[in-house]
Amino acid sequence: MYKLSATYYLNNDVVFLAKDLIGKVLCTEIDGQVAKGIITETEAYNGVHDKACHAYGGRRTDRTEIMFGEGGKAYVYLCYGIHHLFNIVTGPKDDPTAVLIRGVEPLEGKKLFLERRKKTNLKNISSGPGTLTQALAIKTHHTGEELIGETIWIEDHGIDVPENELEIGPRIGIDYAGEDAKLPFRFLWRM
DNA sequence: TATAAGATTTACT
DNA sequence: GTAAATCTTATAT
């Protein structure tokens, strides 16, 4: 088991990273409490060429600025006024690619998952992009956080995901993106 | 300064 | 299965 290094995130193939991150372990230490979850679902956001990406066409705003920096940082933003969505910025400088984490499975600190989500069982406790951030206590102010630091990081536990359990398909909830909404950039581990 | 729309979740019919 | 909740960001006055 080891923590992913900074160079891992500099890979310019965001689709490869989205696939490779399935089975990795997302960890947070917030308020002195450690929680870990196995990543089971991701989506790739392929920079300026991707209509579904916030940085499509080189749009550079205060919000998307972080994606134009080097990979290895967190990009957390609020959707529908309620939900915090967690992205991993990837690729070299000026290449605004990112991987959206859409789902995790509780691994460590399960008690925290239950408390933060106010639930009594672990079923579907962090199966959506907005709910996993709640379970791991990730908030918008974590944007820009180094993923090799002490607050949010990713570990490789050597978990093997069989090819036949990996579902690849079009992304969800981005119908407005036209043709790009159909690209097979979504990866889901069917356990 | 004001308005429109959104990478979703939850509750209710 | 359908609809409401809810507030930030981006774009237009």
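All values reported here derive from a predicted model rather than from experimental measurement.
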- Tell me, which pairs form a salt bridge (Lys or Arg N to Asp or Glu O under 4.0 Å) where one or both residues lie in residues 139-148 of chain A, sequence neighbours left out?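 Every pair satisfying salt bridge (Lys or Arg N to Asp or Glu O under 4.0 Å) with a residue in residues 139-148 of chain A: A:Lys73-A:Glu146.
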- Any pair with a residue in residues 89-99 of chain A that passes salt bridge (Lys or Arg N to Asp or Glu O under 4.0 Å), sequence neighbours left out, goes on the list, sorted by first then second residue, please.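 For residues 89-99 of chain A: A:Arg60-A:Asp94.
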- Message: As a quick check of understanding, evaluate salt bridge (charged side-chain N to carboxylate O under 4.0 Å, His left out) for A:Lys19 and A:Asp13, giving each step before the final call.
- Response: CA-CA 10 Å; A:Lys19 183 181 177 186; A:Asp13 188 346; over 6 Å; no
Heavy-atom pair with the smallest gap, counting every atom of [X] and [Y]:
X	Y	result
A:Ile101	A:Leu132	O-CD2, 3.4 Å
A:Phe68	A:Pro96	CE2-CG, 3.8 Å
A:Val76	A:Thr143	O-OG1, 2.6 Å

- Interface with DNA chain B, restricted to residues 121-141 of chain A and to heavy atoms under 4.0 Å: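 Output list: A:Gly128, A:Pro129, A:Gly130, A:Thr131.
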Indicate every side-chain donor-acceptor pair of residues 181-189 of chain A with a distance under 3.5 Å to a residue at least two apart or in another chain.
residue, atom, partner, partner atom, Å
A:Lys182, NZ, A:Glu179, OE2, 3.3
A:Arg186, NE, A:Glu41, OE2, 2.8
A:Arg186, NH2, A:Glu41, OE2, 2.9
A:Trp189, NE1, A:Glu165, OE1, 3.0

- Message: If you count every heavy atom of other residues, nucleotides or ligands that lies below 6.0 Å from A:Asp62 atom CG, does the total exceed 12?
- Response: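 Check fails, neighbour count at 12 or below.
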- Message: Can you tell me if A:Asp31 has over 12 outside heavy atoms packed within less than 6.0 Å of its CG?
- Response: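 Check fails, neighbour count at 12 or below.
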- Are the side chains of A:Leu10 and A:Thr90 in touch, meaning some heavy atoms are under 4.5 Å apart?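 No - every pair of side-chain heavy atoms lies 4.5 Å or more apart.
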- Task: Only counting residues at least two apart or in another chain, list the ones meeting ring pair (Phe, Tyr, Trp, His ring centres under 6.0 Å) with A:His142.
- Result: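 Partners of A:His142 under the ring pair (Phe, Tyr, Trp, His ring centres under 6.0 Å) test: none.
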- Message: For a 4.0 angstrom threshold against heavy atoms of chain A, report the outermost contacting nucleotides of DNA chain B in 5' to 3' order.
- Response: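 First and last nucleotides in contact are B:dG6 to B:dT10.
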- Task: Would you mind telling me which of A:His84, A:His83, A:His54 makes a side chain to side chain contact (heavy atoms under 4.5 Å, CB included) with A:Tyr77?
- Result: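 So, applying the side chain to side chain contact (heavy atoms under 4.5 Å, CB included) to A:Tyr77 and each of A:His84, A:His83, A:His54, only A:His54 qualifies.
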- Task: Go through the structure and list residues passing salt bridge (charged side-chain N to carboxylate O under 4.0 Å, His left out) with A:Glu155, not counting sequence neighbours.
- Result: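 Listed in chain order: A:Lys36.
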Could you tell me whether [X] contacts a base, only the sugar-phosphate backbone, or nothing, with contacts defined as non-hydrogen atoms closer than 4.0 Å?
X	answer
A:Leu100	base
A:Arg60	nothing
A:Arg102	sugar-phosphate

- Task: Under the side-chain contact (heavy atoms from CB on, under 4.5 Å) rule, collect the residues that match up with A:Ala35, sequence neighbours excluded.
- Result: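 Counting only residues at least two positions away or on another chain, A:Ala35 forms a side-chain contact (heavy atoms from CB on, under 4.5 Å) with A:Thr28, A:Leu112, A:Phe113, A:Arg116, A:Leu136.
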- Positions of residues 79-87 of chain A (non-hydrogen atom under 4.0 Å from DNA chain C), listed by number: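 Hits under 4.0 Å, by residue number: A:Tyr80, A:Gly81, A:Ile82.
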- Query: For A:Asn46, which residues count as a side chain to side chain donor-acceptor pair (under 3.5 Å) partner, sequence neighbours excluded?
  - Reply: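 With sequence neighbours excluded, A:Asn46 shows a side chain to side chain donor-acceptor pair (under 3.5 Å) to no residue whatsoever.
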List, with names and distances, any nitrogen or oxygen atoms from the protein found under 3.5 Å away from nitrogen or oxygen atoms belonging to nucleotides 10-13 of chain C.
residue, atom, partner, partner atom, Å
C:dA10, OP1, A:Thr61, OG1, 2.3

- Item | Consecutive-pair stems (at least three Watson-Crick or G-U pairs, under 3.5 Å) that include DNA chain C |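 B:1-6 with C:7-12, B:8-12 with C:1-5 - these are the stems of 3 or more pairs that involve DNA chain C.
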